[in-house]
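To start, I am sharing the structure in question, which I have written as structure tokens.
We use all heavy atoms of the structure for the numbers below, so side chains are in, but hydrogens, waters and symmetry mates are not.
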Amino acid sequence: MPELPEVETVRRDLDARVVGRRVVTAVVTGKRTVRRQTAAELCGALEGRTVSEVRRRGKYLFAPLDDGAALVVHLRMSGQLQLVPARPGGRAMAPHTHAVLYLDDGSELRFVDPRTFGELFVTRDLRPGGLPEALCSLGVDPLTDEFDAAVLGRLLGSARTTVKSFLLDQRRIAGIGNLYADEICFRAGILPVRRTETLQAREIRAISEALTSVLDAAVQARGSTLGDARYRDLAGNHGSYQEHHCVYGRAGEPCRCCGTTIIRSRVAGRSAHYCPTCQS
DNA sequence: AGACAAGCCTGTACGC
DNA sequence: TGCGTACAGGCTTGTC
């Protein structure tokens with residue numbers, strides 16, 4: 001399940017390898033992959049265009065093009081981008097390949113998505129800073145300098161919900177999914193069910209610190225690859241942050257800090273993993 | 001066979 | 001009334 005660290009890993013690789021490349025041909029075969037426009041419109045908007053840069057907001061990737069439009073990609077649960085180098089005879093398409101951008105150096109950028117929740121679209125509707133209008137409802141991105149403990153404090157101060165729901169709300173902070181929400185709560189020593197109204201100043205600082213340190217470490221490790229919807233980077237390699245998970249996917253196992261059995265319960269309709277001793 | 005996992009959107013219901 | 005929040009349903013498919 002790609003969340004911020006996984007999407008950022010893909011963004012960095014795309015930025016290094018696809019910027020300056022021109023799309024020669026675009027082919028969409030998935031029926032659900034392009035929803036906000038027709039596949040022909042998307043392909044027409046991409047063909048002949050050069051990728052200027054690759055940016056990210058929360059879990060969304062967007063690539064401004066040389067004509068002022070931007071390609072937007074969301075991987076949702078099972079989406080994956082593959083960059084397949086030019087090779088005589090080509091390389092077989094993975095099952096569930098729904099779109100392919102053929103680039104001017106012979107490489108192919110492929111969108112693979114078994115559960116078909118992911119989507120691509122091209123938009124010309126951009127804010128002055130270049131952010132697509134469609135992404136403007138997203139909250140602050142925690143890897144930017146727009147985010148710090150003071151900003152988090154203000155956001156938490158106006159919320160009346162659980163810490164888990166707060167962290168998952170993309171309109172407040174963009175990029176955190178179920179996995180990193182649980183890891184951040186553990187690192188901060190806060191239970192996922194804690195009400196935001198009850199947080200002390202020192203706990204808000206702890207959440208801020210945990211948020212930054214967990215996401216930074218996960219980006220360093222090139223994301224988490226778990227058994228289910230296995231995340232892969234552009235080249236097909238997996239991340240390694242799962243080796244550092246303290247709670248997510250560890251229900252029934254001993255806490256790495258105190259040995260207490262990690263609990264799994266439901267919070268805000270989602271699975272939540274926590275240590276009942278280390279978190280309060 | 002059927003439940004479940006995930007992210008996000010939509011619609012509806014609720015409390016203050 | 002209106003705002004913020006809660007919750008359920010829909011979308012999908014591989015895995016247990």
Given atom CD of Gln80(A) and atom C1' of dG14(C), what is their separation to the nearest angstrom?
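Whole-Å distance recorded here is 15 Å.
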
For Glu209(A), is the CD atom crowded, meaning more than 12 foreign heavy atoms sit under 6.0 Å from it?
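12 or below, so no.
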
Does Arg32(A) make a side-chain N or O approach to OP1 or OP2 of dT12(C) shorter than 4.0 Å?
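Result: yes.
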
Lys31(A) NZ to dT12(C) P, straight-line distance once rounded to whole Å:
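Checked: the NZ to P distance equals 12 Å.
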
For Val267(A), what are the other residues in its hydrophobic cluster, where any two members join if their side-chain heavy atoms are less than 4.5 angstrom apart?
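When side chains under 4.5 Å apart are linked, the cluster holding Val267(A) also contains Leu191(A), Val193(A), Ile263(A), Tyr274(A).
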
Determine if Phe117(A) stacks with dC11(C); use a centre-to-centre distance below 5.5 Å and an interplanar angle below 30° as the criteria.
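Yes; by the centre-distance and plane-angle rule, Phe117(A) counts as stacking on dC11(C).
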
Separation of Leu168(A) atom CG from dC9(B) atom C1', in whole Å?
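Spelled out: CG on Leu168(A) to C1' on dC9(B) is 15 Å.
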
Please collect all ring pair (Phe, Tyr, Trp, His ring centres under 6.0 Å) contacts where either partner lies in residues 22-70 of chain A, sequence neighbours excluded, each pair once.
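The answer is Tyr60(A)-His74(A).
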
Establish, with yes or no, whether the OP1 or OP2 oxygen of dC8(B) is under 4.0 angstrom from a side-chain nitrogen or oxygen of His74(A).
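Looking at the OP1 and OP2 atoms of dC8(B), one of them is under 4.0 Å from a side-chain N or O of His74(A).
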
For atom CZ of Phe121(A) and atom P of dC8(B), their distance in whole Å
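After rounding, the reported distance stands at 13 Å.
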
Euclidean distance, atom CG of residue Asp182(A) to atom C1' of dA5(B) [Å, nearest integer]
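Checked: the CG to C1' distance equals 13 Å.
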
Quick one: side-chain contact (heavy atoms from CB on, under 4.5 Å) partners of Ala188(A), sequence neighbours excluded?
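side-chain contact (heavy atoms from CB on, under 4.5 Å) check on Ala188(A) returns Ile190(A), Ala206(A), Ile207(A), Ala210(A).
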
Using a 4.0 Å heavy-atom cut-off across all strands, classify Tyr180(A) as base, sugar-phosphate, or nothing.
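No contact.
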
Integer-rounded Å distance: dA5(B) P and Glu3(A) CD
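Atom CD in Glu3(A) sits about 15 Å away from atom P in dA5(B).
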
Please state how far atom CZ in Arg266(A) lies from atom C1' in dA3(B), giving the value in whole angstrom units.
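For the pair Arg266(A) CZ and dA3(B) C1', the rounded distance is 11 Å.
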
What N/O pairs connect the protein and nucleotides 4-10 of chain C at under 3.5 Å? Give each pair on its own line.
from	atom 1	to	atom 2	distance (Å)
dT5(C)	OP1	Arg160(A)	N	2.9
dT5(C)	OP1	Arg172(A)	NH2	2.7
dT5(C)	OP2	Arg172(A)	NH2	2.7
dT5(C)	O3'	Arg160(A)	O	3.3
dA6(C)	OP1	Thr161(A)	OG1	3.2
dA6(C)	OP1	Arg195(A)	NH1	3.3
dA6(C)	OP2	Thr161(A)	OG1	2.6

Of the listed nucleotides dG14(C), dC8(B), dC4(B), the one nearest the side chain of Arg115(A)
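Nucleotide nearest to Arg115(A)'s side chain: dG14(C).
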
May I have the list of side-chain donor-acceptor pairs in residues 128-140 of chain A shorter than 3.5 Å, sequence neighbours left out?
from	atom 1	to	atom 2	distance (Å)
Glu133(A)	OE1	Arg127(A)	NE	3.1
Glu133(A)	OE2	Arg127(A)	NE	3.1
Glu133(A)	OE2	Arg127(A)	NH2	2.8

What's the CG-P distance between Asp113(A) and dT12(C), to the nearest Å?
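So the CG-P distance, Asp113(A) to dT12(C), works out to 11 Å.
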
Within 6.0 Å of CD in Glu47(A), more than 12 heavy atoms from elsewhere
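Result for CD/Glu47(A): enclosed.
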
Using a cut-off of 4.0 Å on non-hydrogen atoms, how would the nucleic acid contact of Arg264(A) be classed: base, sugar-phosphate, or nothing?
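Sugar-phosphate: the residue Arg264(A), judged by heavy atoms under 4.0 Å, touches backbone atoms but no base.
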
Quick check on dG14(C): is either OP1 or OP2 less than 4.0 Å from any side-chain nitrogen or oxygen of His96(A)?
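For dG14(C), OP1 or OP2 has a side-chain N or O of His96(A) closer than 4.0 Å.
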
Check every strand shown and say whether Phe166(A) touches a base, only sugar-phosphate, or nothing at a heavy-atom separation below 4.0 Å.
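No contact.
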
Is Val24(A) isolated, or which residues cluster with it under the ILVMFWY side-chain rule of less than 4.5 Å, directly or via members?
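Answer for Val24(A): none, a lone residue.
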
